[in-house]
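We number each residue from 1, following the sequence as shown.
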Amino acid sequence: MKLNLLSCNAQRPDRRAIANCITEISLNSSESLSKELTDILLEGDAVDIQVEDKNSGSALRALRKLNIDYEILE
């Protein structure tokens with residue numbers, strides 16, 4: 001499943017928690033790429049990630065917990 005991470009609405013976003021979340025849920029993401037994607041997301045630009053279908057429910061819950069707005073592309 002493809003997700004488009006739109007923005008983070010947290011009062012004080014936790015960069016490390018967001019990067020760890022992206023690393024855990026994304027199929028093709030390393031730790032350094034996750035940190036870069038986190039910076040892009042927090043600057044206000046959208047980020048596309050690929051999530052394994054069997055983990056999609058827990059991935060979406062983790063994103064909501066971090067106050068990350070997303071849309072499902074596929």
Please walk me through it: do C8 and I18 pass side-chain contact (heavy atoms from CB on, under 4.5 Å)?
CA-CA 9 Å; C8 180; I18 295 170; 4.0 Å; yes

Using the rule that Ile, Leu, Val, Met, Phe, Trp and Tyr join whenever any side-chain heavy atoms are under 4.5 Å apart, tell me whether L42 and L6 fall into a single cluster.
no

Is it true that atom CD of E31 has more than 12 heavy atoms of other residues, nucleotides or ligands lying nearer than 6.0 Å?
no

Do you know which two heavy atoms are closest between R15 and D39, and how far apart they sit?
NH1-OD1, 2.6 Å

Nearest 0.5 angstrom please: L73 CG to N4 CG, how far?
5.0 Å

S29 and S34 side chains, donor-acceptor separation under 3.5 Å
yes

Going from NZ on K2 to CD1 on I49, what distance comes out if it is rounded to the nearest 0.5 angstrom?
11.0 Å

What's the verdict on side-chain contact (heavy atoms from CB on, under 4.5 Å) for L41 and L37, showing C-alpha distance, side-chain angles and the deciding distance?
CA-CA 6 Å; L41 178 66; L37 293 176; over 6 Å; no

Roughly how far, to the nearest 0.5 Å, is the CD1 atom of I25 from the CG atom of N20?
11.5 Å

Please report the interatomic distance SG(C21) to CZ(R16), rounded to the nearest 0.5 Å.
14.5 Å

If you round to the nearest 0.5 Å, how far is CG of L63 from CD1 of I22?
7.5 Å

The residue among V47, V51, L3 that forms side-chain contact (heavy atoms from CB on, under 4.5 Å) with Y70 is L3

Inter-residue atom distance M1.CE - N55.CG, 0.5 Å rounding:
9.5 Å

